[in-house]
2 protein chains.
Amino acid sequence: MARVNIEDVARASGVSVATVSRALRGLPNVSPATRRRVMEVASHMGYRPDPNAARLAAGKTATVGLCVTAIPIWYTGQVSAGAEAVLTVAGYDLVLIVVADRQTRRRTLGEAAGLAKRVDGLLMVDIVPTADERVGLQRAGLPWVMVGAADPSTPSVVVDNMGGAAQAARHLLELGHRRIGLISGGRAAFENSTPRERRDGFVEALAEAGVRFDPRLERPGNFSALGGYEAMMALLESSDRPSAVFAMSDEMAIGAARAAAERGLKVPDDLSVVGFDDHELAFAFGLTTIRQPATELGSEGARRLLGLLDGGPGDGRIVLPTELVVRESTGPPREKHP
Amino acid sequence: MARVNIEDVARASGVSVATVSRALRGLPNVSPATRRRVMEVASHMGYRPDPNAARLAAGKTATVGLCVTAIPIWYTGQVSAGAEAVLTVAGYDLVLIVVADRQTRRRTLGEAAGLAKRVDGLLMVDIVPTADERVGLQRAGLPWVMVGAADPSTPSVVVDNMGGAAQAARHLLELGHRRIGLISGGRAAFENSTPRERRDGFVEALAEAGVRFDPRLERPGNFSALGGYEAMMALLESSDRPSAVFAMSDEMAIGAARAAAERGLKVPDDLSVVGFDDHELAFAFGLTTIRQPATELGSEGARRLLGLLDGGPGDGRIVLPTELVVRESTGPPREKHP
DNA sequence: CTGAAAGCGCTTACAG
DNA sequence: CTGAAAGCGCTTACAG
C-alpha cells in the first residue's frame with residue numbers, strides 16, 4: 001500500500017510540499033542541492049506520486065486513448081504496437097477503446113466530455129469521426145489524430161493507398177494480365193477512405209494502360225480471410241473469370257488463393273494473386289503483396305499526437321510509402337495475352 | 001470542457017453533494033423521488049463524474065491492466081479482445097502494459113506500488129511473475145490472475161496444453177507416423193509453463209504408444225512463422241528426417257510447411273504437419289491443428305479478475321479444453337509404416 | 001433518508 | 001529559490 005505521500009517526503013526532506021512537487025517533476029526554480037536531497041529522500045522512501053491526484057489537480061491524465069474498430073486483427077496489432085512503443089517512452093498510459101458498433105460508438109466518441117476526463121488525446125485507427133463527434137471532441141478540448149484513414153481537417157498519418165494499389169495493378173499489367181479482379185472492403189464496421197482510395201488507384205492504373213475495369217469483377221471481401229475466400233469463389237463462377245486478382249488485404253488474398261486451389265486452379269499459372277499488407281504469414285504463402293508500414297503508422301500517429309499535446313501545430317497529413325514485394329503468387333497469364 | 005461538477009448538480013437539484021453522489025451511484029438510502037430528480041437534473045446538465053476525483057477519494061481506479069509480452073501477435077489479440085469485451089461491460093477501463101524485456105518488466109511489475117495507483121488489478125497473459133514481483137504485488141494489495149500460464153498459488157485460466165498436444169500426437173500416431181518432429185517454443189521473452197506442458201503431453205502420448213521421442217527431432221521455433229520455417233529447415237537436414245511434425249503454434253506450423261515446400265516435399269504426402277491454435281488463416285492453409293479457445297481465455301480471465309475485485313475467493317484454476325481439427329496437412333506416411 | 005465536513009494527494013498561482 | 005494556501009471533484013464516515 002506504499003502509503004508514503006508527498007507530505008511525508010516534504011517532512012523528511014525539510015522542505016515544503018510545493019518544493020517537493022517541483023523538484024520531482026524537474027520544474028525550474030529549485031536549487032540543485034534541494035532537488036538532489038528531495039530526490040534522494042523520495043527514492044529512499046519509495047515514494048510514487050499518485051497519478052490520480054496529479055490528474056485531478058493538473059487536469060491532465062498522461063493517458064492516450066487508442067480507438068480501434070476491432071482488436072484481434074493483424075493491422076490493429078501492428079498499429080497498436082507502434083503506438084504503444086512511443087507512448088510508453090513518453091510516459092503516457094494507453095487505454096484501449098473499442099468502437100465497434102453504433103452503441104459502443106455513442107458510449108465512447110459520443111461522450112467526449114466523459115472521455116476528456118480519462119484521456120488527454122485520442123488516436124483513431126481507421127475511424128472517421130462524424131460531424132457531431134468532431135464537435136463534441138473539440139468542445140471537450142480533446143485533440144485527436146487519425147491513423148489509416150485521413151481527413152483534410154485533421155492531423156493524420158496514412159499510407160499511400162492509391163499508389164500502392166496502382167503498384168499492384170501495374171505489376172499485373174506488366175505480366176500481361178488484362179482481366180483483373182478486385183476483392184475490396186465491403187461491409188466494414190465503419191466507412192473510411194481506405195477501400196475507396198485503393199479502388200481508385202487500382203482502376204486508374206488500369207485505365208492508364210488502356211484497360212477498362214469491369215465492375216463485375218469486383219467483390220467485397222470484408223477484409224477477412226473467409227471473406228476473400230467467398231469473394232473469389234463468386235468471381236470464379238463467371239465463365240469469363242479473371243486471370244488475376246488484387247485483394248485489398250493479405251488475409252483476403254490468402255483466402256482467395258485457397259478458393260482457387262479448391263476449384264482446382266493453380267496459383268499463379270491459372271490465377272495470379274496480389275495482396276496488400278505484407279502480413280507476417282505472406283512469405284509462407286509465397287504471396288506477392290504491397291507492403292505497408294503498419295507499425296510505423298502507429299508510431300508516427302503517436303508522435304503526431306504527442307506533438308499536439310505539447311501544443312504543436314498539428315494540421316496536415318503524413319503519407320507513408322508502400323512497396324511491391326514480388327513472391328510466387330503472380331506470373332504471366334496462361335492463355336492468350338503474351 | 002463540460003465543466004459541470006457534482007456541486008452544480010447538487011445546487012440544481014436542491015440536495016447535498018453527498019446525496020447526489022449516492023443517488024448517481026445507485027447506493028442505498030436515497031428516496032426514490034430524490035434519486036429520480038437527481039438523475040434527471042444530472043443528465044439534463046450533461047454531468048459526467050470525474051473519474052480522477054472518484055479514484056482519489058475512493059482509492060479505486062475502475063481500471064484493469066492487461067500485461068502482455070507483445071502486442072502484434074495472434075494470440076495476444078484474441079485474448080485481449082476477450083478480456084476487453086467483459087471489462088468494458090463491467091465498466092472498467094483497460095490499460096495496455098507491455099512487459100517485453102527486463103527493463104520494461106522492472107518499470108511495470110517491479111513497481112507494484114506505482115501500478116496499484118493506476119489499476120485495481122492485473123491480467124497477466126503468458127507471464128509468470130517472479131517471487132519478488134509477487135511479494136510486491138501482494139504488498140501493494142494488487143490482485144492478479146494469470147492467463148495462458150498457470151501457477152498453483154494464483155487464480156489462473158489456461159488451456160489443456162498437455163491434452164491438446166497429446167491429441168496432436170495421437171492423431172499422427174493413428175495415421176501411422178512413428179518418427180515425429182517437434183517444433184517448440186524456445187527463446188520466448190519469458191519462460192512459462194505452456195511450452196513445457198505441450199512438450200510433456202506430446203512426449204507422453206508417444207510413449208503410451210510405445211514410441212520413444214527422439215530429442216534430436218526437437219527444434220525451437222520461437223512461436224513465429226519464420227522461427228518455424230528455420231526449425232523445419234534444420235529438421236530436414238537430417239538424413240533420417242521425420243515423416244510428421246507437431247508445431248506448438250499455427251504460425252510455426254505454417255512456416256514449417258513452407259520450408260518443406262521449398263525443399264520439394266509435399267504436405268502431407270512427404271510430411272504431415274499439425275499446429276496449435278486454429279489461427280484465422282489455418283483453414284486457408286488446410287492446416288490440421290489443435291484449436292484453443294483463445295478469446296475465451298481472455299474473457300474468462302477477466303471474469304475471474306472481476307470476481308477477485310468484488311472480494312470473491314479466487315484461488316484455483318480453470319482449464320479450457322482443446323479440439324483436434326483435421327484438415328489436409330496430415331495423412332499417412334508415404335513409406336514403410338502401414 | 002439526508003447533510004456538513006473532513007479527507008484523498010497532488011498542482012498552481014501568489015507572495016516573498 | 002521557497003512556502004502557505006487554495007483548489008481540483010469526488011467519497012465516506014459521522015450525526016442526525
Side-chain angles (χ1 to χ4, degrees), chain A residues 1-39 41-42 45-63 91 113-118 120 140-141, chain B residues 1-39 41-42 45-63 91 113-118 120 140-141:
Chain A
M1 274 304 179
R3 39 173 66 78
V4 26
N5 62 25
I6 196 173
E7 215 170 319
D8 299 329
V9 177
R11 206 163 8 236
S13 36
V15 295
S16 72
V17 162
T19 298
V20 172
S21 175
R22 291 186 200 106
L24 258 27
R25 286 183 300 146
L27 295 190
N29 292 332
V30 179
S31 82
T34 303
R35 191 188 305 272
R36 201 171 324 120
R37 181 154 35 92
V38 169
M39 293 183 74
V41 171
M45 297 176 79
Y47 168 66
R48 306 287 158 216
D50 186 322
N52 301 121
R55 286 166 188 174
L56 180 58
K60 287 174 192 164
T61 64
T63 301
L115 251 189
K117 284 169 177 159
R118 26 188 98 242
D120 290 341
Chain B
M1 277 302 178
R3 37 174 64 80
V4 25
N5 62 25
I6 196 173
E7 214 170 320
D8 299 328
V9 177
R11 209 169 359 241
S13 36
V15 294
S16 72
V17 163
T19 298
V20 172
S21 176
R22 292 186 199 107
L24 258 26
R25 284 182 304 147
L27 295 190
N29 293 332
V30 178
S31 82
T34 304
R35 191 186 304 272
R36 200 171 324 119
R37 181 155 34 91
V38 169
M39 293 183 74
V41 171
M45 297 176 79
Y47 168 65
R48 307 287 159 217
D50 185 320
N52 301 122
R55 286 167 187 173
L56 180 58
K60 287 173 192 164
T61 64
T63 302
L115 251 189
K117 285 169 176 159
R118 27 187 98 240
D120 290 341

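Every chain is numbered from 1, with letters handed out A, B, ... down the list of sequences.
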Within this structure, what is the [atom1]-to-[atom2] distance between [X] and [N], rounded to whole angstrom?
X: A:Glu7; N: C:dC8; atom1: CD; atom2: C1'; value: 11 Å
X: A:Arg37; N: D:dT2; atom1: CZ; atom2: C1'; value: 11 Å
X: A:Asp50; N: C:dG7; atom1: CG; atom2: C1'; value: 13 Å
X: A:Leu27; N: D:dG3; atom1: CG; atom2: P; value: 15 Å
X: A:Ile6; N: C:dG7; atom1: CD1; atom2: P; value: 18 Å
X: A:Arg55; N: C:dC10; atom1: CZ; atom2: P; value: 13 Å
X: A:Asn52; N: D:dC8; atom1: CG; atom2: P; value: 18 Å
X: A:Lys60; N: D:dC8; atom1: NZ; atom2: C1'; value: 14 Å

query = Is the side chain of A:Arg55 donor-acceptor paired with the backbone N or O of A:Lys117 at a distance under 3.5 Å, no angle test?
reply = no
Of the nucleotides [options], which one has an atom closest to the side chain of [X]?
X: A:Ala58; options: D:dT12, C:dT12, D:dG9; result: C:dT12
X: B:Ala57; options: C:dG3, D:dT11, C:dT11; result: D:dT11
X: A:Ser31; options: C:dC1, C:dT11, D:dC1; result: D:dC1

ask   = Relative to the 5' end of DNA chain C, which residue comes earlier, B:Thr19 or B:Leu56, by the nucleotide with the nearest heavy atom?
value = B:Thr19
inquiry  = So B:Asn29, base contact, sugar-phosphate only, or nothing? Heavy-atom distance under 4.0 Å.
reply    = base
ask   = How would you label the contact of B:Val17 with the nucleic acid (heavy atoms, under 4.0 Å): base, sugar-phosphate, or nothing?
value = base
Give a yes/no answer on whether the side chain of [X] brings an N or O atom under 4.0 Å of OP1 or OP2 in [N].
X: A:Ser21; N: C:dT11; value: yes
X: B:Thr34; N: C:dT2; value: yes
X: A:Arg25; N: C:dT11; value: yes

Quick one: which protein N/O atoms are closer than 3.5 Å to N/O atoms of nucleotides 13-16 of chain C? Pair and distance per line, please.
residue: C:dA13; atom: N6; partner: A:Arg22; partner atom: NH2; Å: 3.3

Pairwise distance [atom1]([X]) to [atom2]([Y]) - rounded to 0.5 angstrom:
X: A:Asn29; Y: A:Thr34; atom1: CG; atom2: OG1; value: 11.5 Å
X: A:Asn52; Y: B:Asp50; atom1: CG; atom2: CG; value: 9.5 Å
X: A:Ser13; Y: A:Arg36; atom1: OG; atom2: CZ; value: 13.5 Å
X: B:Glu7; Y: B:Ser16; atom1: CD; atom2: OG; value: 11.0 Å

request  = Taking all non-hydrogen atoms of both residues into account, name the closest pair between B:Tyr47 and B:Leu24 and its distance.
outcome  = CE2-CD2, 3.6 Å
ask   = Where is the tightest heavy-atom contact between A:Met45 and A:Ala12, given as atom of each residue plus distance?
value = SD-CB, 3.7 Å
ask   = For DNA chain D, what dot-bracket results from Watson-Crick or G-U pairs at under 3.5 Å, with [ ] for crossers and | for inter-strand partners?
value = |||.||||||||.|||
inquiry  = Using the salt bridge (Lys or Arg N to Asp or Glu O under 4.0 Å) criterion, which residues pair with B:Arg118? Sequence neighbours excluded.
reply    = A:Asp93
side-chain contact (heavy atoms from CB on, under 4.5 Å) between B:Arg11 and B:Asp8, worked out = CA-CA 5 Å; B:Arg11 209 169 359 241; B:Asp8 299 328; 3.2 Å; yes
message = Within a 6.0 Å radius of atom CE on A:Met39, are there more than 12 heavy atoms belonging to other residues, nucleotides or ligands?
response = no
